[in-house]
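This report concerns only the one structure given below.
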Amino acid sequence: MSDDMAGGLYSLRPRARILRTLGEELISSEVVAVIELVKNAYDADASRVEVLFEGEVGSLEALTVLDDGHGMAMDTVARAWMEPATDHKKKLKVSPYLHRRLLGEKGVGRFAAARLARGLELTTRKIGLNSEIYAYFDWTQFDDPDLYLDQVEILAEERVPGLIEAGGVCAGGKAVKGLPRDGTHGTILRMEGLKKLWSDSDFADLSRGLSRLIAPFSTASDFAIFLRRSSADEVVVEEVNSPEIIKYPHYELRASLAGEGRFRASVTIKSTESSIERVGWLGRGKKANELLVLEDVDGPSPPDKGRPLECGPLEVEVLVWDRDQLDNVDQKIGIGLRSVRKDLDSIAGISVYRDGFRVLPYGEPDNDWLKLDLRRVQNPTMRLSNNQITGYVGISSDTNPELRDQSNREGLDNNQAYADLKMVLRFFLSILEPERYRERKLEQGKKPEPNGSIFATPDLSRLRDQIKSGVVGDDAVQILDEVTRDWESQIVRIKDAVARYHTLATVGQLVDKVVHDGRQPLSTIQGQSTLAAEAIASLQKKYVEDAMLSDVLERIVGRLSRVKDSASLLDLLFRRIEPLGGRRKGRPTKVYLNEIIKSAFSHFESDIASNGIRVSLPARDDLVRVDSLELQEVFINLISNSIHWMSAVPKERRAIVVSTSRIEGGAVEIIFADSGPGIPSSNRESIFEPYFSTKSDGVGLGLVISGEIIRDYYGGELELLNAGPLPGAAFRIVIRRRV
């Protein structure tokens, strides 16, 4: 060895810029970075975390993430935040107060902050301490190619509380397990010099990502996320929640897989409230990606259930919608079918949740990781597509160690456990799909049947049989005469009914005209009054010191508010009369029966109030497949009659009760009762006859039309009961078809 050569042990000394390189590799986007910081708040036992953007869209000044967690002392800041890739959380496993399973194990929180901005101010106060810690991270230091990592200096100090104190940020939550939630502890991360120009679509992506961060079907309520945007004009605060659409699916699948391979699955069809259950065992077959299924085996493990799966235990819940039958959702949330479909798009897909928190990117838009759309191409009638389902798979880090994250926190390792997981989920979906297929076939296959109503076809079967027999004599002539008389009688009845229906149709056309022509100027009134109020608000801020002008502007704002309120009343009126229009009814869709009933009663809101009538309506959500306008017409007739006749009883006795229930065969029974004088026994047989009415101005077609609708279209009956829950008239409606 020459004199200029030497040997020994040397240490790696990374340059400072490695931190930036690692951060960009570990954190794939700004949205993921914010989510990582929110997950850190969850690990800190926070009950509330706020994400605050300051400034205008496209030129934001700062981003702040603050929480009411247990906070940090100086040694934790120095040990955890100053040590990238620390194993601090990996050793702890659970949080100190609420014993939450810790989500972060790789110590990458500071990389998320570096991805978002050039500078970070960290302020934190540990529970029970009388001081707060302040630290400043200048991430631009890590761009210096000549600087080594251990040469980067971070300013940190302990000081008298100035930001985190009683009644301050995130105060007001409910105390739990030693955490007072009074503002005296928590963490504030304020990031300035944002690297990204955030747009409205970026905010939408963040809101969607945060809304799905916690399992949407989880019952946990001790962690809330708020998104705040603060500009010169306004402060907008929204609690991040799952879209309301998940409350109103058409089908539901719940399934579980135990660690040893035992499964249990149940499918519920919401429109009939019917359900099926399957149990058995799952294992891996001899071939690659082959699932061995032993069904309907409940109890001890079977002798041969294949090789054990490398995933499980796990819980699965999947909600499914028929995208051409979303009227029931719009009934509930009232945002229009286009917006309902947009909401469904935003939550479409099956997401994976580990210990209650989401693993990205599963369930993101266009992330069809189960290849459901490709699978549907082979059988479009039976199979589900990715855009009509939402669901979650719940796993645990402790019981599913092989379902581990990739290094960039963007998905699970592509190993055997992941392949098994996909096979299991497709199997569970294959339990739901045939049930949905059968239900849709039943819905599409049911057609109106002829009966003895005024629009029924006269029975020609006897004449046809006589002719087919080849013996045509006096009997055939007699049968023909009877059929002819039936036809003539029927034609007279139809002509009379059509003449009366024509009057109703003319009124319906007028309603359509009023609604159509009135909505455009109403929209202009609503829009312009809102814009005027916004313009005045800007003037108030500009001339805040001019007391006289401020007073005038305030009065104008008050008047504009009354204009907007009146416009809202007109809009409500249009919504109520629109179903009475003359537009052609559409095909039946899935809707909630109780919402149809409530809508019908809303037409008589003022009459009910002025007559002092107490109303009790069903609260349960019965999902039925009907034309809501047809059924609403039935209820409007019944309500109108009840209001009319209850004027004959004292005000304190006036009441209407409506109840719904499921009966044999999945049919729906509706009881409609009032406390009026009832129907005299002499009239009981006549009330369903055309044109019979004891009202002074009655047409005598209301109950006839209602009965026709129930019989012809729904295979049911409308009948008068001898007694009901109230002392007046009581009607029973049974809907058998389509429901």
Side-chain angles (χ1 to χ4, degrees), residues 31-54 62-73 76-77 80-81 89 94-104 109 112-113 116 120-129 132-133 161-191 203 206-230 235-244 353 355-358:
V31 169
V32 172
V34 174
I35 289 174
E36 285 294 331
L37 297 178
V38 172
K39 288 163 70 174
N40 280 351
Y42 178 85
D43 288 347
D45 285 323
S47 66
R48 178 187 179 101
V49 59
E50 294 186 13
V51 180
L52 167 62
F53 288 89
E54 300 174 39
L63 164 61
T64 302
V65 179
L66 48 94
D67 67 64
D68 63 351
H70 52 63
M72 295 180 284
T76 307
V77 173
W81 268 83
K89 291 184 179 179
V94 297
S95 62
Y97 290 91
L98 303 183
H99 306 296
R100 293 171 174 168
R101 181 64 169 83
L102 297 183
L103 304 173
L116 290 165
L120 165 68
E121 290 182 273
L122 182 152
T123 307
T124 184
R125 182 180 175 184
K126 187 175 181 179
I127 184 171
L129 293 187
E132 66 183 22
I133 309 303
L163 291 179
I164 304 177
E165 53 187 344
V169 295
C170 283
K174 185 178 180 181
V176 57
K177 294 185 179 179
L179 292 170
R181 309 299 192 198
D182 59 356
T184 59
H185 54 87
T187 299
I188 303 173
L189 305 175
R190 179 179 169 81
M191 290 154 276
F203 285 116
L206 177 60
S207 181
R208 185 184 66 252
L210 291 175
S211 72
R212 303 184 71 182
L213 182 57
I214 304 173
F217 314 109
S218 171
T219 57
S221 58
D222 61 349
F223 187 67
I225 305 170
F226 292 84
L227 189 58
R228 259 201 301 164
R229 293 170 63 178
S230 175
V235 176
V236 178
V237 183
E238 63 170 295
E239 183 174 2
V240 178
N241 290 308
S242 299
E244 199 175 356
Y353 291 84
D355 301 308
F357 264 71
R358 189 172 170 212

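Values below: every heavy atom of this structure, side chains too, minus hydrogens, waters and symmetry copies.
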Exercise for the section: Could you tell me how the ring of Phe223 sits relative to the ring of Tyr42: parallel (under 30°), tilted (30 to 60°) or perpendicular (over 60°)? Expected result: perpendicular
Would you check if the side chain of [X] reaches a backbone N or O of [Y] as a donor-acceptor pair within less than 3.5 Å?
| X | Y | value |
| --- | --- | --- |
| Ser95 | Arg100 | yes |
| Tyr97 | Gly69 | no |
| Thr64 | Leu52 | no |
| Asp182 | Ala166 | no |
| Glu132 | Ile164 | yes |
| Arg181 | Asp68 | yes |

Ignoring hydrogens, what is the shortest heavy-atom contact between [X] and [Y]? Give both atom names and the distance.
| X | Y | answer |
| --- | --- | --- |
| Ser211 | Ser242 | O-OG, 3.6 Å |
| Leu129 | Ala73 | CD1-CB, 3.9 Å |
| Ala113 | Leu120 | CB-CD2, 3.9 Å |

Problem - Beyond-backbone contact of Val34 with Leu63, side-chain heavy atoms, under 4.5 angstrom - result: yes
Exercise for the section: State, with a plain yes or no, whether a side-chain heavy atom of Lys39 is found less than 4.5 Å away from one of Leu213. Expected result: yes
Practice task
Take Ile127 and Thr184, measure what side-chain contact (heavy atoms from CB on, under 4.5 Å) needs, and give me the verdict at the end.
Solution key: CA-CA 7 Å; Ile127 184 171; Thr184 59; 5.7 Å; no
Give, for atom [atom1] of [X] and atom [atom2] of [Y], the distance between the pair rounded to the nearest 0.5 Å.
| X | Y | atom1 | atom2 | result |
| --- | --- | --- | --- | --- |
| Thr123 | Met72 | OG1 | CE | 10.0 Å |
| His70 | Lys126 | NE2 | NZ | 8.5 Å |
| Ile225 | Leu210 | CD1 | CG | 5.5 Å |
| Met191 | Leu37 | CE | CG | 5.5 Å |
| Arg125 | Glu165 | CZ | CD | 7.5 Å |
| Ile133 | Thr124 | CD1 | OG1 | 7.5 Å |

Exercise for the section: Just do the side-chain contact (heavy atoms from CB on, under 4.5 Å) check on Val240 and Val51 with the steps written out, would you? Expected result: CA-CA 10 Å; Val240 178; Val51 180; over 6 Å; no
Problem - Pairing residues for Glu50 by the salt bridge (Lys or Arg N to Asp or Glu O under 4.0 Å) criterion, not counting sequence neighbours - result: Arg48, Arg228
Fill in the blank from the handout: Sorted by chain and residue number, the salt bridge (Lys or Arg N to Asp or Glu O under 4.0 Å) partners of Asp67 (sequence neighbours excluded) come out as none
